[in-house]
Amino acid sequence: KDLEEKLVVRPTSETIINSMFSKWIQSYRDLPMLLNQWANVVRWEMRTRLFLRTTEFLWQEGHTCHETQAEAEEETLKMLRVYKDFAENYMAMPVICGIKTNSEKFAGADRTYCIEAMMQDRKALQAGTSHNLGQNFAKGFETKFQDRQSNWQFVWQTSWGVSTRLVGGLVMTHSDDKGVVIPPRLAGIHVAIVPISKGSPDDAKLFEVADKLAYELKNPEYSGTLGYSISTKVDRDTQHSPGWKFHEYELIGIPIRVELGLRDLEKNQVTIVRRDTGVKQFIPIADAAKTIARELGQMQSDLLEKAREMRKKYSFVVDDYEDFKKKLDEPGGFLHCHWCEKASCEEQIKNETKATIRCIPLDAADRLTPAVEQGRCIKCGEKSMTRVIFARSY
RNA sequence: CGGGACGUAGCGCAGCCUGGUAGCGCACCUGGUUUGGGACCAGGGUGUCGGAGGUUCAAAUCCUCUCGUCCCGACCA
């Protein structure tokens, strides 16, 4: 009653959802049951971080019930791949799919899968999780169904989610000293056309050409190729100088800027500048739309590739604990190390270095079984069958 | 919850140590010239100095309390 804005404190979603699932599900015919919701969440963290760990945040969460364990596992991995696809092909943020260790997994889950990204400061960001909940909540909430043989069984469940943390991930993956860089597929405005007007009667011609280009960019041919329709802004403002506008569009991350002045018109060309490279191209007006569409597609893949290169550069195979500590401090990054699977080693490493096991990575094809490799735990030297990824994280 | 800093014009800050009645940059307003990488010249101050008490002839400045913000740590399955 003392709060200006009323808050309702609730337990974790799984408990609420399951109390409903147990009412809604009676038969195998009710399965699978697949729910998705967007919800804002409050967590009373001692310390917040803009976008990455805010007191209140918006997230998307899915909750599903299945007939069999295999089906639940399939759903868990399916969503993991949906998240990976979104991260990489929309956000241009490369991620590593993996499994969380016992100490890092969701408490109610049998297994927690995750996508982990490397930010430009070489710290790791957990960008999304997908849990195979097994029958843990089903047993707690009596979520049962009658199977095809009339036997009562507990459902097999999954849950998964991503949050506004992804916005932070986007910013920290692509931004540079000029400002934010938005991948074309997520940009609200893809192209800013800046007519460089001189207040002369010829200016009308500039706007005419600018408008025509904006119109040409609506050609369905381009949206067919890119997967989105190109959104264009013709800057009609006469108050700010061209230089001011260039900086402004760079600051907010518009993927492509088109400069169009009388000098261009004389040469029958436009100047095209990509936000990520800053390289200026002088293109015949007749080819401008086609070139812009092509550059948008190229920029999308270049951004992903650039981030991949960075991650590659700062990923290390490490077998010596002293080397491990040194690399963590400088330059940082993902350290692929053997680990004996003992929580005590994991805990000690965390206490000594602040590095945690981000995940046990899935193999190159994102198959379930992590790559097998004989080795010795970086901490205690005991036998290990696979490498895990250590990093400092947000 | 510990440790540290900061609240002064719309924004970013200086002034505080050593009290004397508030200043700088940007922004903004007026006029003119400008416009291809954040234009220039001239003129203009728009402020309960976070709040409340206290000391003093006098407080942005010193003291006490209070509110708020940020950073670091702990925390974050």
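By convention in this document, chain letters (A, B, ...) are assigned in the order of the sequence lines, proteins followed by strands, and residues within each chain are numbered from 1. Every value quoted in this text rests on a predicted model; they were computed, and no experiment measured them.
In this structure, R358(A) forms no cation-pi arrangement with F390(A), as its terminal cationic atom is not both closer than 6.0 Å to the ring centre and no more than 45° off the ring axis. Geometrically, R185(A) engages Y90(A) in a cation-pi contact, judged by NZ or CZ lying under 6.0 Å from the ring centre and within 45° of the ring axis.
S103(A) comes within contact range of the sugar-phosphate backbone alone, with a heavy-atom separation under 4.0 Å but no base atom that close. Residue K280(A) is in base contact, counting any heavy-atom pair closer than 4.0 Å across all strands shown. In this structure, R165(A) reaches neither bases nor backbone, as no heavy-atom distance under 4.0 Å exists between it and the strands shown. Contacts of N102(A) with the nucleic acid, taken as non-hydrogen atoms under 4.0 Å apart, are absent.
Within the shown strands, G73(B) is the pairing partner of C1(B) under the Watson-Crick or G-U definition, both distances less than 3.5 Å. Here U48(B) sits opposite no nucleotide as a Watson-Crick or G-U wobble pair (both hydrogen-bonding atom distances under 3.5 Å). Figure legend. G68(B) is base-paired to C6(B); pairs are counted as Watson-Crick or G-U wobble with both atom distances under 3.5 Å. Pair assignment for U35(B) gives none, since no Watson-Crick or G-U wobble pairing has each distance under 3.5 Å. Of all nucleotides present, none satisfies the Watson-Crick or G-U wobble test against C16(B) with each distance under 3.5 Å. Partner assigned to A60(B) is none, using Watson-Crick or G-U wobble distances below 3.5 angstrom. For A42(B), the paired base is U30(B) (Watson-Crick or G-U wobble, both distances below 3.5 Å). For A22(B), there is no paired base (Watson-Crick or G-U wobble, both distances below 3.5 Å).
Rounded to whole angstrom, the span from the CD atom of Q239(A) across to the P atom of A27(B) amounts to 13 Å. With rounding to whole Å, K178(A) atom NZ is found 10 Å from G37(B) atom C1'. A straight line from CZ of F282(A) to C1' of G36(B) spans 10 Å, rounded to a whole angstrom. Between D203(A) atom CG and G36(B) atom P there is a gap of 13 Å when expressed in whole angstrom units. In this structure, the OH atom of Y394(A) is 12 Å from the P atom of C71(B), given to the nearest Å. Computed from coordinates, the W244(A) CH2 to C26(B) P distance equals 16 Å when rounded to whole Å. Per the geometry, CD belonging to E116(A) stands 13 Å off P belonging to A77(B), to the nearest Å. The separation between K198(A) atom NZ and A39(B) atom C1' is 12 Å, rounded to whole Å.
In the set G37(B), A77(B), G36(B), G36(B) carries the atom at the smallest distance from any side-chain atom of I196(A). Of the candidates G37(B), G38(B), A77(B), A77(B) carries the atom nearest the R43(A) side chain, counting heavy atoms from C-beta on. Here the side chain of R257(A) is nearest to one of G37(B), G36(B), A77(B), namely G37(B). Proximity note for E259(A) (side chain, C-beta onward) versus A77(B), G37(B), G38(B): the nearest is G37(B). Out of G37(B), G38(B), A77(B), the shortest distance to the side chain of E250(A) is found at G37(B). Here A39(B) is the nucleotide among A77(B), U35(B), A39(B) with the atom lying nearest to any side-chain atom of S241(A). Counting only heavy atoms from C-beta on, E104(A) has its side chain closest to A77(B) among A77(B), G36(B), G38(B). Side-chain atoms of F106(A) lie closest to A77(B) of the nucleotides A77(B), G37(B), G38(B). When the nucleotides A39(B), G73(B), G37(B) are ranked by their closest atom to the side chain of H247(A), G37(B) comes out on top.
Remark: T232(A) OG1 to I292(A) CD1 distance equals 7.5 Å, nearest 0.5 Å. I285(A) CD1 to E216(A) CD: the interatomic distance, rounded to the nearest 0.5 Å, is 9.5 Å.
Only the P atoms considered, G19(B) is 28 Å distant from G25(B), to the nearest whole Å. The same atom, C1', is picked in G38(B) and in A77(B); the two are 47 Å apart, to the nearest Å. Taking atom P in both A60(B) and G50(B), one finds a spacing of 10 Å when rounded to whole Å. C67(B) and C24(B) are spaced 29 Å apart, taking the C1' atom of each and rounding to whole Å. Spacing of C1' atoms, U64(B) relative to U21(B), comes out at 24 Å, to the nearest Å. U8(B) and C1(B) have their P atoms separated by 25 Å, with the value rounded to a whole Å. Using P as the reference atom, A59(B) and C49(B) are 12 Å apart when rounded to the nearest Å. Comparing the same atom, C1', in G4(B) and in A9(B) gives a spacing of 28 Å after rounding to whole Å.
When each of K350(A) and G243(A) is assigned the nucleotide of RNA chain B with its nearest heavy atom, G243(A) is the one assigned upstream, toward the 5' end.
Among the candidates H131(A), M79(A), E61(A), the single residue satisfying the side-chain contact (heavy atoms from CB on, under 4.5 Å) test with S159(A) is H131(A).
Within 6.0 Å of CD on Q348(A) lie more than 12 heavy atoms contributed by other residues, nucleotides or ligands. Within 6.0 Å of CD on Q37(A) lie more than 12 heavy atoms contributed by other residues, nucleotides or ligands.
Under 3.5 Å, the side chains of T68(A) and H66(A) contain no donor-acceptor pair of N or O atoms.
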